[in-house]
Structure formats: structure tokens, C-alpha cells
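Report on the following structure.
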Number of protein chains: 2
Amino acid sequence: MMEPSPRGETASLILQAADEMFGELGLDGVSVRDVAVRAGVNKALVFYYFASKEKLFEAVLERYYEVHRAALEASFQSDAPLAQRLHALVDAYLDFIEQHRRYPRLVQALVVGNPAFHPFIQRNLEPMFRFTEAVLVGISPEHGHLAARHFFLDISAAVINTFTYAPVLAPMWGGDPLAPAALAERRQHLHWLADALLTGLTSATPSPSPRGGEGRGEG
Amino acid sequence: MMEPSPRGETASLILQAADEMFGELGLDGVSVRDVAVRAGVNKALVFYYFASKEKLFEAVLERYYEVHRAALEASFQSDAPLAQRLHALVDAYLDFIEQHRRYPRLVQALVVGNPAFHPFIQRNLEPMFRFTEAVLVGISPEHGHLAARHFFLDISAAVINTFTYAPVLAPMWGGDPLAPAALAERRQHLHWLADALLTGLTSATPSPSPRGGEGRGEG
DNA sequence: ACCCATCCTGACCGATCGGTCAAACCGACT
DNA sequence: AGTCGGTTTGACCGATCGGTCAGGATGGGT
């Protein structure tokens, strides 16, 4: 180990350390000192390469967002049947998170955290939103309670909360919800969920209220 | 309302201030000094009534959990049709959060935050989990990808993420997703979602794979 | 040799944090 | 009058935080 740090890699050492620590302990759970120590690097170097702790955090996230976006787009085949495209979308999401377990905690913490990050999140989330929206174009109405945006929210919530809630759900789940077998079952369920939504959508008659007497309208 | 003072007047002043501030800025975004100032009270009094900042945070959450649990249970009518019971459950969840807008941010931040809180969350979440599970008993198999636990996760995720993601979704949503009209639409969608899941469940044949060739099976 | 830009260091800063403490306050009871 | 328990105060603590700075190394170009 005479030359542990090949030149020019300092920034990525810091980025990697920040990735690991932020993903486990959150933005406020980690100090710049911690990151520097983990990276085996002087603390001042963190500020040399990244303007601030927040910028470092964003740099970590930006990397994830890029890969995530690419994974979603790669799953897209415009000529495949709709159900298959939806399954592919769910799989792409699941696969990506399985390979980047720290990602969901990072984004979730970011969303409920400092509002100063919201523009950053929006900038990165919007492409994925538009993309998922496009999959349902033609099948889902543009407005109303069956619009694509609702399904984007349903599905991404079901996927991401699988991971963020896993640690607290474990006792009720009867074992770790992120164990391979449990995760495979969850994937199966999410496929089933996509099918159920699709069936509901395609068989939906234009008649507005399928069931009587529970209109709760706007307040 | 939300329970009177647990002890004297001062303690509930602190609790109320902590509620407001934690709900907006999270555990780490608020200092004990901030809470004391907001409550118009000496900082040392916070530690006099609550052992630590974390205990104060838990006290805030515990109050919410109690009301939430009560709201869910109140929505339960064992003799009503299943679909109606599910709608009532969704409505109870939505109504509760609408009336306590800070709650979802609090729990979400708690889940992705310090793991030391996990036992606390589990203690409070489990009753609601068991309760929701009971609604589907008989209709949902005990094991496998259609077990009740999956639906608990799907629905609670769809409901809670409606609120936690609202601020970042606004630009894509075309307006505030928490505006009364948007929220009413979301409620309609969630009812539709519950119906779609129920339809899928009741019409499900015992045959395991409804569609060929994409088994990603258990690992 | 010199320069210069990049990379790196360790010491340092002011601010803020959660938490403690001894003392003071205060109404009720004897 | 005294005193006693619950309540309140302000000063204080050590630790840690994000961030800065002056200057030391290093290496390639001239």
C-alpha cells in the first residue's frame, strides 16, 4: 500500500465517502470532518473541491439521479405492449434501488428536509416524471383522478417506500423486507399492482361514479 | 382537539411549539433554544419537563400516533361491505393528515432519520398495521405477493407520499397538489385505487402467473 | 534556475449546539 | 413566622459544527 491515492482521484474519494455516510446517516447526521476522515483526506480539501457541505450533498445526489434517469430510459421500448412497458419501468426502478440501496434514503431525507433543496429535487425529478407520464399517454386521461400523474405518484411511492420503510416494517413483515426472497415477492406484487391499475384503467367506463353515496367533494 | 396539557400549562406550551417547529423544519432543523423562544419559555424548562430533545420529539409524535390510531379505528365498521370499509380507511387516513399537515413530514423524517427511533416507530406503527391487515382478512392470502402487508404498504405509501412529495411535485402537478380541489381529486383517485386493488384481488384465480415469460422469481 | 498553478495542510475562528446547575421564586400548609 | 415541593431563571459548560486562511508541497513549462 505505498501509493493508496493515485493522483487526481481525491475529489472522487471524497464523493464516495460522502455517498456512503450521507446515505446511512443523512445530511445532518454526518459532519464534514467525518467525511474527510472516511475519505482519508484533509478536511479543508472537502471545501477545496466542493463549495460547501450542501453542494457536496447535491453532488452525491446528482450522480444517483443521472444513473436513475438513464436506467428508466433504458427500460423504455415504445413498441412493446403497455403492460410489458410498465413492468419494465417497475423493474428498472427496483433494480436501480437494489443496486443503490442508499439512494431512497437520500432522496426521502432530501424531500422532507430543508426546503432549500426543493428546486434541486424538482430539476432532477421532472424528467423522470415526464418520462413515466409518457408511458401512459393515450391510455390515461390528461386531467382528473385517472391522470397519469396519480399513477406516477402511486407507483414511485410503492417502490421507494418499500425500501425506506423496510427497517421499521421488519417485525411486522416477519423478517427483513429487503431479503432477496422478500424483495422478489415484493417485485411480484408490484407487477401485479401495475396490472391491476392497467386493467382498471382500460376497463373504466366514462361514467364518473362506480359506486354510490360517498362523494366527499372539494372543501 | 388534540389532548389537553399532559402536565401543567408550561409543558403543553413547549409541546405545541415543538410540534409546529419540528413539523416544519425537522428534528435537526430546530434547536431547543428555538422551541423555548417560540413557546415563550426559558430553555432550561424544556429539559425540566422533557428529559432530552429526542424525548420531546417523541412526545410530539406520540400525540399524533394516538389520534391517528383512534381515527383509523373509528372508521372501522365490521358489518359494512369490504369496499366501503377500505374507502373509510383511506378517508380516515386522508382526513387525519389533512387536519394534521405536519404529521407526514414528522414520521417520514423519523423513518429515514436516526435508527435509534426505529423501536419507537415500530411500537406505534404496529397497531395500525395489524388493524389494516384485519380489514383484508379472508380476502387476502396470508402469504405471498398478495398478502395484506403489501397492500398496507401500497396504500399508506400512496397516501403519505401525497403530502410529503407535494412541495416538490407542485411544478409538475400544475399547481399545489394540496390545494382543496387537487386533494379532492387525489381522494377520488385513492378510492379508485382501492377499488382496483380489490377487484384484482377478488377476481384473482389461484393460478400463480397471469402472464407468461417474465418470471423474475424468488432469489 | 525560476515561476506559477494546482493540490494539500494544520491551525484557527465564531457560532451554535444539547445539557447542567445553583440559586431564586412562589403559593400552600403548619 | 418558617418551610417545603414544584417551578423558573440565567449563567455556564464542553463539544462540535461549517468554514477560512496563510502558507507549504509538488510538478510541469520556460
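Sequence lines set the chain letters: A, B, ... in the order given, protein chains first and strands last, and positions in each chain run from 1.
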(message) Pair Glu98(A), Arg187(A) - check salt bridge (charged side-chain N to carboxylate O under 4.0 Å, His left out), show working.
(response) CA-CA 11 Å; Glu98(A) 263 192 86; Arg187(A) 185 190 296 269; 2.8 Å; yes
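To the nearest angstrom, C1' of dG18(C) lies 12 Å from CG of Leu56(B). The NZ atom of Lys55(B) sits 17 Å away from the P atom of dG18(C) (whole-angstrom rounding). Atoms CZ (Phe57(A)) and P (dG18(D)) sit 13 Å apart, rounded to a whole Å. One interatomic measurement links the two molecules: CD of Glu9(B) to C1' of dG6(D), which rounds to 16 Å at whole-angstrom precision. The separation between Leu45(B) atom CG and dG6(D) atom C1' is 11 Å, rounded to whole Å. Spacing between atom CG of Asn42(B) and atom C1' of dC12(D) amounts to 13 Å, rounded to whole angstrom units. Between Leu25(A) atom CG and dC17(D) atom P the separation is 12 Å, expressed in whole Å. Rounded to an integer number of Å, the gap from Arg33(B) CZ to dC13(D) P is 14 Å.
Aromatic ring centres of Phe57(A) and Phe117(A): separated by under 6.0 Å.
A side-chain N or O of His191(A) and one of Asp91(A) form a donor-acceptor pair less than 3.5 Å apart.
Taking every side-chain heavy atom of Tyr48(A) into account, dT6(C) is the closest of dG10(D), dT6(C), dG18(D). Distance from the side chain of Glu54(A) is smallest for dG19(D) among the nucleotides dG19(C), dG19(D), dT20(C). The Ser52(B) side chain lies nearest to dG19(C) when the options are dG19(C), dC21(C), dC17(D). Among the nucleotides dC8(C), dT20(C), dT20(D), the one closest to the side chain of Phe47(B) is dT20(C). Out of dT20(D), dG18(C), dT9(C), the shortest distance to the side chain of Lys43(B) is found at dG18(C).
Partner of Glu185(A) under the side chain to side chain donor-acceptor pair (under 3.5 Å) criterion, out of His143(B), His145(B), His150(B): His150(B) alone.
Judged by closest nucleotide on DNA chain D, Val32(A) is the one of Ala44(A) and Val32(A) placed further toward the 5' end. Comparing Val41(A) and Asp34(B) along DNA chain C, the residue whose closest nucleotide (by nearest heavy atom) sits nearer the 5' end is Val41(A).
Residue-level contact check: Val35(A) touches neither bases nor backbone, having no heavy atom under 4.0 Å from any strand. Among the atoms of the strands shown, none is found under 4.0 Å from any heavy atom of Val46(B).
Taking side-chain N and O atoms only, Thr10(A) has no distance below 4.0 Å to OP1 or OP2 of dC7(C). Using a 4.0 Å cut-off, some side-chain N or O of Tyr49(A) falls inside it from OP1 or OP2 of dC8(C). The phosphate of dT16(D) (OP1 or OP2) has no side-chain N or O of Ser31(A) nearer than 4.0 angstrom.
Salt bridge status for Arg69(A) with Glu73(A): absent, with no side-chain N to carboxylate O gap under 4.0 Å.
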